[in-house]
Undergrad: 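The following block contains the structure, expressed as structure tokens.
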Amino acid sequence: MKILAPFVLILAALMTVVYLDDAPPRADVVFVDTAEVFTLDPQRMSWMQDFRMAYALYEGLVRWDNTDFSIEPAAATWTVSADRLVYTFIIRDDAKWSNGDPLTAHDFVYAWRRAILPDTAADYTAMFFAIAGAEAFFNWRAQQLEAFAEQKAELDPQARAKAAEALWRRTEQQFEQTVGLEAIDDHTLRVQLVRPTVYFLDLVAFGVFYPVHRPAVEGWALNDAITAQMRQHGWKRVDEPDFADREFANLNADTGRFEQKHGWTKPDRFVGNGPYVPTHWRYKRGLRLGRNPYYHSPDRVASDSIETISIDDINTAILAFESGRVDWLSDVSAEYQADMLAERAAYDLRYADRIESMLANGRTVDEALAALPPPESGERRNIHTFPTFGTDFYSFNCRAMLADGRPNPFADARVRRAFVMSVDKQIIVQRITRLNEPVSTTFIPRGSIPGYVSPEGLPYDPERAREELKAAGWVDRNGDGLIENAQGEPFPVIDLLYSTNTPRYKNISLALRDMWRRGLGVRVELRGKESKFFKDDLIQGNFMIGRGRWYGDYGDPTTFLDLFKTGDGNNDRGYSNPYVDGLLAQAADEPDPAKRMRLLEECERFLFDEEVPMLILCQLVQVYMYEPGKLTGLSHHPRLTQYLWQVKVVAP
Amino acid sequence: MIGLIIRRLMQLPIILFAIYTITFCLAWLIPGNPLQNPEGRQPPPEVQQAMLEQYKLDSPWRFYWDYLGKATGISWVLGAHDRPFDLGPSLTHQDWTVNEILAAGLPVSITLGLLAMLLACAIGLTAGVIGGVKPGSAADFATLLIALIGISLPSFIIGTVLLLVFGVWLKVVPIGGWGGVRYTILPAVTLALPFAAYIARLTRFGMIDEMSSDYVRTARAKGVPQRQVVLKHAMKNAFLPVLSYLGPAAAMAMTGSFVVEKVFAVPGIGTHFVNAVLSKDLTLIMGVVLVYSTMLILFNLVVDVLYRWVDPRIEMG
């Protein structure tokens, strides 16, 4: 039995490791989000789950109301000048950082400068170009860095470091002098805009405009005297430490860049000004939030602690929900989701009358569901679909030539119209995706932006589709069931590109292939690719028709329509039309909000009644799981920006 | 023996360098930009360029040498970098460095892998001995059947069924995550089953062989009780093929638990092998591959040394 001794020893050691690595007790609310949180740095965020954290850990100047998305004051109140070019924000006196330092106007200047600097390379830099001088400053700094990198070879390392620092000082000055962003005093922030951007407050409510605490972000080495001083007046009144004394920031002597590390987002170093602070964050395990002791309105915060745990596999996540370990799943994309939704439909159907009467009495859907008897087998009430502020579509490549040099048949708007009108979208949402998404003919989800009226768009009309093709010269001339042009050349085999990360797009693409073959007499070849490869082909225009999807960022039509600008970074279609560019430019300079909306309506009408650079399928829906009546505080608004501090588990 | 160890250790850097170079070439050829969110909006081209430069992704040559220097600690020795063995920041999980990611995941993967191996040995040896002592009996048939199921059923089915039974119906274990013994049992069992099945079959055939050999007959003739014949004499020799399987199996259990990690939401390293490649997270790919290759090489060395110690007849180069 001697041989067993090492095994027993190893086992004992392993069990000790496992035992010591114990999980903390359950938080008040536990949820599983779409994916792992990537970053807690608001200026670097670009994913939904990250922004959810931004709204819990920081507080912006203003905030969207979560039911109708009007703007309400958060850390500040504001006034707007008559010409809508100058916004003045007054920061509330009791606003504090989670370490007790006061929140000042300088914090916003610092955070926004960070976002504008090319050194930070933030995804949303371009949003800040609404501020006067920001774009010019970005380009100036980028040029200076390029010049610096070229001339550095002539200098010795020490001189280079000095030169980098001198350039940095010049950059700080340049920012102060040329960008329309000014802290008039500790509590007053003045912003000068390039043009009357009517949706500017909507931008300011977006996570990337939220403040960060400079000494924490840069990792300043502090002593008690400086800490005490900052407690009184914030960091602006104390001397900046040398770069050598900043743990997370330095100047790269080779490139001249201001480099920032991300160590400050860990719970022990984090400083925020929101309702919560992170208390535990373990990679791929979970991120737990607890109350920020210095938050100015603790009574707004519904739960003491809230945790997002990492469960990659949706089947496991659903089991975790069923077992009660998780209170909310924010993205139920399992292959059997349609069957679960059918169970919900069965439940709704049985109690249709009672639900309707309760809704008529002013109760919410969740309240109505909670008041009903529990579901029987084959029924459920804990799965919910919500239409979102996003659209599912297929892009037509609109360039004159394809990537391989052949002429592109889809450069002709008549061909695009024919392809759009021969698709029966109702069949796709009922039989293929089985989610019954609201089908759509326009890019901007209908009715999602107050004061904006969507155009008609093109209907499902196979007859008209064939006429459009005929007008473009594509007819079946030799009776083989496929169409040819006047020279007798067949319509090129269509290269249909989709991503394989979910089965959804394969299934839709197959349905489209059949509809077009039967309705128009064209051959379609499917090309499924993994999402990185897919995106690469899309950007390079290596496709004829490609799958796409878009969510709006802020409550204005331009968050959708800017995609059709010539040369826009998200214009995968390569679409370019001077009329569209002109309307967008005109709208950007229009100070009258109503007139501006009419211009944008005309733009979308032209795009989706006549040009159709995209085949619009439907408004995207999001599928949540939570027990109605047990979990409260989730917004059902299409923007689906959930404020975690409103979410609470009430007694089941 | 010492010569063997020294020779192997001297080969280590050369093998690692080759692995590094090949992995880098393959990883660089993956299309796409690791800093890009394929479903989100694209920043302006100048910003994208700035991002690439920040992570030295604008030139393969620069990245290759820079990373090599920092990861091996050569840059640190030369005074060009502030710490050794810096595997860089993850390109997709920007708030974490690859060192932090590995430090969080490696202990989990190793613990889970070793626990699974112990379980596999316990189950596999017992079943194999029972079957091998009386081949053709009902007990033998039963263990063979269980082994067959263990090998042929994929772990995501076994795992999901276990979760459903013990997590949802009986509610005796929590679903998803890591931390404490209760989280560990199901993934360890699921991971152990295919290995246990294989070990059971190895042991069974070994036992059948040994039980019919001359020394067992002699022992029996001397009147040694059956229990002692099996446990003291036959099993020791039947264990040898199992031992040579344990090395690669343990390595596999610690690296190849992608499916088990996914089904049970275990925060180990296995998932990075796949996800880092899919998102072209170069620093994470290189870091994971380097650390794992080092571990594998050392692990194989340990098994070889053990093997020679157990059976001195074996010659090794």
Side-chain angles (χ1 to χ4, degrees), chain A residues 7 10-11 14-15 17-19 21-24 36 38-41 44 46-47 118-119 121-126 138-139 142 255 257 259 261-262 265-266 282-286 309-313 315-317 319-320 322-323 325-326 499 530-536 539 549 553 569-570, chain B residues 30-48 50-51 53-54 89 92-96 100-101 104-105 107-108 111 114-115 118 121-122 156 160 163-164 167-168 171 174-181 183-184 236 239 262-265 267-268 271 278-280:
Chain A
F7 288 99
I10 296 178
L11 185 68
L14 289 176
M15 288 330 275
V17 169
V18 170
Y19 182 74
D21 194 5
D22 209 357
E36 188 91 359
F38 285 109
T39 177
L40 297 184
D41 177 344
R44 298 175 152 270
S46 68
W47 298 78
D119 311 51
D123 274 14
Y124 280 101
T125 300
F138 175 89
N139 291 328
T255 60
R257 266 175 210 289
E259 292 185 335
K261 291 183 193 138
H262 312 311
T265 60
K266 301 296 154 55
R282 298 194 63 183
Y283 183 72
K284 286 202 70 186
R285 297 192 192 200
I309 56 173
S310 311
I311 301 183
D312 274 356
D313 189 78
N315 303 315
T316 311
L319 291 180
E322 297 283 351
S323 76
R325 173 158 153 73
V326 172
S499 63
E530 216 289 315
S531 52
K532 280 269 166 193
F533 297 68
F534 160 79
K535 187 71 195 178
D536 224 37
I539 288 174
R549 142 169 109 166
D553 282 326
N570 296 293
Chain B
I30 302 171
N33 174 352
L35 304 172
Q36 190 175 64
N37 168 353
E39 293 290 344
R41 61 183 62 227
Q42 303 304 313
E46 306 83 49
V47 175
Q48 294 198 26
M51 286 183 183
E53 281 171 23
Q54 197 170 28
T92 45
H93 299 269
Q94 298 185 348
D95 285 12
W96 300 89
E100 283 171 328
I101 290 175
V108 175
T111 314
L114 286 181
L115 261 181
L118 286 182
C121 285
F156 63 88
T160 311
L163 273 181
L164 202 59
V168 179
K171 291 196 195 302
I175 293 177
W178 191 256
V181 180
Y183 288 89
T184 322
K236 261 190 185 169
F239 186 62
K262 204 168 147 76
V263 169
F264 293 97
T271 41
L278 289 184
S279 54
K280 200 185 177 183

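Numbered from 1 within each chain, the chains take letters A, B, ... in sequence-line order.
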Undergrad: Please look at A/A122 and chain B and tell me whether the side chain, the backbone, both or neither of the residue comes under 4.5 angstrom of a heavy atom of that chain.
TA: backbone

Undergrad: For B/V263, which of A/D312, A/T316, A/N315 qualifies under side-chain contact (heavy atoms from CB on, under 4.5 Å)?
TA: A/T316

Undergrad: Relative to chain B, which segment of A/T39 carries a heavy atom at a distance below 4.5 Å: side chain, backbone, both, or neither?
TA: both

Undergrad: Given heavy-atom pairs under 4.5 angstrom as the criterion, report whether the side chain, backbone, both or neither of B/F156 touches chain A.
TA: neither

Undergrad: Which atoms form the tightest heavy-atom contact between B/L115 and A/L14, and what is the distance?
TA: N-CD1, 3.5 Å

Undergrad: Taking the six-membered ring for Trp, are B/H93 and A/Y283 parallel (under 30°), tilted (30 to 60°) or perpendicular (over 60°)?
TA: perpendicular

Undergrad: Out of A/T125, A/I539, A/D123, A/I311, return the one with the most heavy atom pairs under 4.5 angstrom to chain B.
TA: A/D123

Undergrad: Taking every non-hydrogen pair under 4.5 Å, which of B/P89, B/G268, B/G180, B/A122 racks up the most with chain A?
TA: B/G180

Undergrad: Answer with side chain, backbone, both or neither: which region of B/K262 has an atom nearer than 4.5 Å to a non-hydrogen atom of chain A?
TA: both

Undergrad: Taking every heavy-atom pair that is under 4.5 Å apart, which of B/V181, B/I30, B/L114, B/I101 has the most such pairs with chain A?
TA: B/I101

Undergrad: Does any heavy atom of chain B fall under 4.5 Å from the side chain of A/E322, the backbone, both, or neither of them?
TA: both

Undergrad: Looking at A/K266 and B/D95, would you say the former's side chain and the latter's main chain have a donor-acceptor pair under 3.5 Å?
TA: yes

Undergrad: Check the pair B/T271 / A/K284 against side chain to side chain contact (heavy atoms under 4.5 Å, CB included), numbers first and verdict last.
TA: CA-CA 10 Å; B/T271 41; A/K284 286 202 70 186; 2.6 Å; yes

Undergrad: Counting heavy-atom pairs closer than 4.5 Å to chain B, which one of A/I309, A/N139, A/L11 comes out on top?
TA: A/L11

Undergrad: For A/S323 versus B/G167, what's the shortest heavy-atom pair and its separation?
TA: CB-O, 3.8 Å

Undergrad: Does any backbone or side-chain atom of A/D536 lie under 4.5 Å from a heavy atom of chain B? Answer side chain, backbone, both or neither.
TA: side chain

Undergrad: Considering only heavy atoms and a distance below 4.5 Å, find which of B/G177, B/S279, B/A104 pairs most often with chain A.
TA: B/S279

Undergrad: Closer than 3.5 angstrom, by distance alone: can the side chain of A/R325 be matched with the main-chain N or O of B/P174 as a donor-acceptor pair?
TA: no

Undergrad: Select, from A/L319, A/D313, A/I10, A/T265, the one with the greatest count of heavy-atom pairs under 4.5 Å involving chain B.
TA: A/L319

Undergrad: What part of A/D119 gets closer than 4.5 Å to chain B, counting heavy atoms only: side chain, backbone, both or neither?
TA: backbone

Undergrad: In terms of heavy-atom proximity below 4.5 Å to chain B, should A/L40 be classed as side chain, backbone, both, or neither?
TA: both

Undergrad: Tell me, for B/T184 versus chain A, whether the close heavy atoms (under 4.5 Å) come from the side chain, the backbone, both or neither.
TA: side chain

Undergrad: How many angstroms lie between atom OH of B/Y183 and atom CZ of A/R285, to the nearest 0.5 angstrom?
TA: 10.5 Å

